[in-house]
K.L.:
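Here it is: the structure, laid out below.
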Amino acid sequence: MIFLKQKPTFLIFLVTFLISISSYVALAQSSDPQINLTVDGAVSPVTLFSPASYIINWDVSDPSAKCTSSGDWNGPKATPSGSSTFTSLTGNYFYNMECIGGSVLPERYMGIAGGAVAPADSLPGINPTVSIYGVAVQGDYAFALVYDYITCGGGCFGNSVNDWDELVVYDVSNLESPQIVSRTWTGISPNTIVINGDYAYIGVSRGVAGTGYSLEVYNISNPLSPLYVRSISTGLYSRIQELELQGSRLYSFGGNSGDELIIFDVSDPANPVKIGSYDKGSVYFSSGKVSGNYVYVSNYNDKSLDTFDISDPATPVLVDSDARQSAALYQQMAISGNYLYIPTASSSDSVPALLEIFSIADSSNPVLVGTFDLSLRSPFTTWMFSIEVSSANPNILYLGTVYGIVTVDISNPVSPVLVGNSPLDFLGNYTYGFDFYGKYIVSASNDTNGDNLIMFAPKSTSTMELVVASSPPPAGTLFATDCVISMGSSTCDIQISWQGSNTTEPYSLDRFDTTIANPVAENGDFTDSGLSPGNYIYTFRDNSGQLAINSATAACVIGTVEKLDNFGNMSCLPNVSTSTTMSISLSQSLIRINQTVDIIISVDSEDVLNCTLYGASAGSPIVFQHEGSAALREFTYTYTTGSISSSRTIQVDCGVGGGYIVVSSQAEVEVVPELQEV
């Protein structure tokens, strides 16, 4: 897998300022500082003209806080207030200010920084070949997986101080001076770790026992001396990419050519037992989350979200597979409440990196209910390595990227809000994983300074993005109108209209991130035809990304539901009982001219039916209603015809509103002329 770092792109030749300011306190505590950023004393929106001159002012609630800035201004910032003046500027500007309360920490610091805090034989923090791929916290200890992809990636074995594939334990009780307390060889390429009481489970490429891809078990009851217990082979080509522990079951996701989903029983924590698996065939599951009796999996190869029913863990059943972006890849995922969050990854500027939101209210059928474009937030990358929800605050998502950790507010689950990112010199690059230590975050990261595992405290963040352009930045509106499927039909047409603001960009119209019209005019209308019942999300895009989003519903007309019609097609039909029957009998079917006939109509139905009798009289048809109650579901109706002078058909049709016929029956009356003498 190749990860590409990207630099933000800036525009020039500008005229209009559009300023958006957002602030948020991650895992807020009473001692965390609050920041107020303004431009020329005002909050957004503010309009200026190029060349622009302005003053940014700030106020911080905690005078002892330590504040720094990043983006297009750098360095420490004074407290409790200050200002910066900018003159004759054109371009796009990004201003970020972060403060850590002085009562929380005396100063900003690198919590665990490789050799900077370790004894002489510790990890070589400045060795660029060493990476930390996972971390788990229990008590006052952080258990980190160290992988030397140069020294041991080619297959070195044994327990040597030169083999840097290790489980390294840090004592983090002293936040200002974390210490390495033990190092234990794990086998080759440790990749993921979860903790189950006194035991740690680690996925490796080559086990201590000499096996291939394996689940390693370690006793960590004494963090100063973890003990290897056993290796459990997952198959020659079944690499473990991620582990998920739920109760007494451990779920392994990975594969590539072998079992991609493996379920272990860990009722005996020291002795995991494989009880079930699923092989989808030469694909790679990069992540998975468990909710009740279902497992949701990000399928890296198929670029899809796969859903498994694990009611019987011995035989997982694939119940849904939903492919999304053809050019984007699913990596990690997180669950908060009834919503599943999956960031897509892409190494191409032409493919947006999205945070996709699925409703899992119907556990067996995840439904995409929203997207959040991450690729447009400079300087964020399109690559997302990890995603977590803090148990202390389930409304906050933390995304690990090549630029550190990005914070997203999901208080409104289908409309996330970006609330801050961490400065590069603080969190480092390539955040492969992280865990929570109280209100602190311990991050497995690798930055340009060679620091491997770092820690940071909650902080207040305020961000300001300023855009000055020769024309207003791309924007647009999109409207989609619900449509109703008529009785007896199976589809309807959704009407869509849109309006853009930049004629130099080609536009496209997408449904569920699949292009349905490209290019389209700056303003226009579109009919999305032949849509079956469901909710449809539409996006209006140009080359810069998503401009507008809206949704519409195709639904059966009131009083009808989706049912199979008489031709085997799924249509919107009346919601009536399928057991409705009707019959006609006549007092006599052969009569002389101008005689009358008694008609007996028997209806058996619990539904209210409107019935019409044809052929009983020379005038209009006779209309009557079948009550349809449980007590009167079987009822007989009797009518006497007028004088009948010629053979005819007696017919009764019974149906519901809208003219839909549920049942129909006929009887024939034959008329014999009077005898005449010859």
Side-chain angles (χ1 to χ4, degrees), residues 8-20 45 47 49-50 90-92 303 323-328 344 346 348-357 368-378 382 414-416 465 467-485 489 491-555:
T9 302
F10 296 94
L11 301 177
I12 57 174
F13 307 112
L14 313 147
V15 286
T16 304
F17 259 116
L18 297 179
I19 302 174
S20 64
T47 302
F49 295 94
S50 177
T90 60
N92 285 6
K303 307 178 182 68
R324 305 306 313 160
Q325 293 192 81
S326 60
T344 65
S346 172
S348 170
D349 289 333
S350 63
V351 179
L354 301 175
L355 178 65
E356 297 191 351
I357 304 111
L368 181 70
V369 294
T371 59
F372 180 59
D373 197 332
L374 296 166
S375 61
L376 300 182
R377 271 68 178 180
S378 173
T382 56
V414 299
S415 183
E465 293 181 65
V467 180
V468 186
S470 56
S471 60
T477 58
L478 175 68
F479 300 95
T481 305
D482 296 341
C483 68
V484 177
I485 302 174
S489 299
T491 63
C492 63
D493 302 338
I494 289 178
Q495 303 298 321
I496 306 162
S497 62
W498 64 88
Q499 182 172 352
S501 64
N502 188 345
T503 57
T504 63
E505 297 283 358
Y507 296 96
S508 67
L509 185 66
D510 300 346
R511 184 206 316 134
F512 291 121
D513 300 311
T514 299
T515 299
I516 58 176
N518 182 23
V520 296
E522 178 183 9
N523 307 311
D525 301 285
F526 182 82
T527 300
D528 200 4
S529 305
L531 299 176
S532 57
N535 185 56
Y536 297 86
I537 298 175
Y538 296 92
T539 54
F540 177 43
R541 295 180 178 276
D542 68 3
N543 278 350
S544 67
Q546 177 178 298
L547 302 178
I549 184 170
N550 212 325
S551 64
T553 300

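Since the model is a prediction, treat every value here as computed from it, not as a measurement.
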K.L.:
What distance separates Ile494 CD1 from Asp482 CG, expressed to the nearest 0.5 Å?
P.N.:
7.0 Å
K.L.:
For a quick test of reading the model, state the closest non-hydrogen atom pair linking Gly476 to Ala548 and the distance between them.
P.N.:
O-CB, 3.5 Å
K.L.:
Working to the nearest 0.5 angstrom, can you tell me the gap between Leu355 CG and Thr371 OG1?
P.N.:
9.0 Å
K.L.:
Give, for atom CZ of Phe479 and atom CD1 of Ile496, the distance between the pair rounded to the nearest 0.5 Å.
P.N.:
13.0 Å
K.L.:
With no hydrogens and no angle check, do the side chains of Thr527 and Gln495 hold a donor and an acceptor under 3.5 Å apart?
P.N.:
yes
K.L.:
Which value, rounded to the nearest 0.5 Å, describes the distance between Phe512 atom CZ and Glu356 atom CD?
P.N.:
11.0 Å
K.L.:
For the residue pair Ile485 and Ser532, what are the closest heavy atoms and their distance?
P.N.:
CD1-C, 4.3 Å
K.L.:
Between Ser497 and Asp525, what is the shortest heavy-atom contact and its length?
P.N.:
CB-OD1, 3.1 Å
K.L.:
Would a distance-only check, ignoring hydrogens and angles, find a side-chain to backbone donor-acceptor pair under 3.5 Å from Asp542 to Ser508?
P.N.:
no
K.L.:
Mind checking side chain to side chain contact (heavy atoms under 4.5 Å, CB included) for Pro519 and listing every partner two or more places apart, or none if nothing turns up?
P.N.:
none
K.L.:
Is the backbone of Thr539 close enough, under 3.5 Å, to the side chain of Trp498 for a donor and an acceptor to pair up by distance?
P.N.:
no
K.L.:
Do you know the tightest heavy-atom contact between Phe372 and Pro416?
P.N.:
CE1-O, 3.7 Å
K.L.:
Kindly give the heavy-atom pair with the smallest separation between Phe526 and Ala517, and that separation in Å.
P.N.:
CE1-CB, 4.1 Å
K.L.:
So, taking the atom named CG in Leu509 and the one named CG in Leu478, what distance separates them when rounded to the nearest 0.5 Å?
P.N.:
6.5 Å
K.L.:
Among Asp510, Ile549, Asn550, Asp528, find the residue that satisfies the side-chain contact (heavy atoms from CB on, under 4.5 Å) test when tested with Tyr538.
P.N.:
Asp528
K.L.:
I need the minimum non-hydrogen distance between Arg541 and Gln546, along with the two atoms involved.
P.N.:
NH1-N, 3.4 Å
K.L.:
Quick check for you: to the nearest 0.5 Å, what is the distance between Asp493 atom CG and Ser529 atom OG?
P.N.:
4.0 Å
